[in-house]
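Take this structure first; my questions come after.
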Amino acid sequence: MDQHKGFFQRVYEVARKVPHGRVTTYGAIARYLGSPGAARMVGWAMNQSSTSSDYVPAHRVVNRIGLLTGKHHFDGSELMQELLENEGAIIEDNRIINLEQMFWDPIEELGL
């Protein structure tokens with residue numbers, strides 16, 4: 001997994017820039033990092049983010065349709081949902097239904 005460490009750190013740097021009240025997707029981060037096919041690897045990075053020395057707001061990264069696919073990695077089965085709802089997400093059946101309004105695209109916001 002060491003060969004992925006640099007990629008994971010780059011993922012965390014992007015995730016830390018997602019503003020309060022906004023969310024992004026695994027694929028959007030992968031595209032921003034120049035690896036459009038690496039959405040799953042971004043997911044793996046987010047799953048390991050609790051081991052990062054600096055805080056990573058992993059709850060703000062979801063799958064392309066807004067599913068809270070990483071929620072089982074949070075202490076307490078509803079913690080990810082609670083954190084997102086506290087930031088304005090409307091969630092039904094483990095899915096952000098106002099994803100379009102909350103979506104933060106790193107390519108648009110940070111440029112390339």
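Below, each value reflects all heavy atoms present in this structure, side chains not excepted, and no hydrogens, waters or symmetry copies. Along the sequence shown, residues carry numbers from 1.
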Can you give me every donor-acceptor pair (side chain of residues 52-67, partner residue at least two apart or in another chain, under 3.5 Å) with its distance?
from: S52; atom 1: OG; to: R16; atom 2: NH2; distance (Å): 3.0
from: S52; atom 1: OG; to: D54; atom 2: N; distance (Å): 3.4
from: S52; atom 1: OG; to: D54; atom 2: O; distance (Å): 3.1
from: H59; atom 1: NE2; to: E87; atom 2: OE2; distance (Å): 2.9
from: R60; atom 1: NE; to: E87; atom 2: OE1; distance (Å): 2.9
from: R60; atom 1: NE; to: E87; atom 2: OE2; distance (Å): 3.3
from: R60; atom 1: NH1; to: V18; atom 2: O; distance (Å): 3.0
from: R60; atom 1: NH2; to: E87; atom 2: OE2; distance (Å): 2.9
from: N63; atom 1: OD1; to: I65; atom 2: N; distance (Å): 3.1
from: N63; atom 1: OD1; to: G66; atom 2: N; distance (Å): 3.1
from: N63; atom 1: OD1; to: L67; atom 2: N; distance (Å): 2.8

T51 OG1 to F8 CZ distance, which is reported to the nearest 0.5 Å:
8.5 Å

What side-chain donor-acceptor pairs closer than 3.5 Å can you find for residues 25-36, not counting sequence neighbours?
from: T25; atom 1: OG1; to: A28; atom 2: N; distance (Å): 3.0
from: Y26; atom 1: OH; to: T69; atom 2: OG1; distance (Å): 3.0
from: R31; atom 1: NH1; to: G27; atom 2: O; distance (Å): 3.4

Run the side-chain hydrogen bond (donor to acceptor under 3.5 Å, both in side chains) check on E13 and Q9 step by step: do they pass?
CA-CA 6 Å; E13 288 171 17; Q9 290 305 315; over 6 Å; no

Provide the closest heavy-atom pair for M46 versus A15 in the form atom of the first, atom of the second, distance.
CE-CB, 4.1 Å

Spacing of CG belonging to N86 relative to CD belonging to Q81, to within rounding of 0.5 Å:
10.5 Å

Does the pair L83 and F74 meet the rule for a side-chain contact (heavy atoms from CB on, under 4.5 Å), with working shown?
CA-CA 10 Å; L83 291 168; F74 288 79; 4.2 Å; yes

Spacing of E85 atom CD and E78 atom CD [to the nearest 0.5 Å]
8.5 Å

List the atom pairs, donor and acceptor, that lie under 3.5 Å between side-chain atoms in residues 96-112 and the rest of the protein, sequence neighbours left out.
from: N98; atom 1: OD1; to: I90; atom 2: N; distance (Å): 2.9
from: N98; atom 1: ND2; to: G88; atom 2: O; distance (Å): 3.1
from: D105; atom 1: OD1; to: I107; atom 2: N; distance (Å): 3.0

Rounded distance [0.5 Å steps], CD in E82 versus CD1 in I91:
10.0 Å

If I take atom CG from residue L84 and atom NZ from residue K71, how far apart are they, to the nearest 0.5 angstrom?
11.0 Å

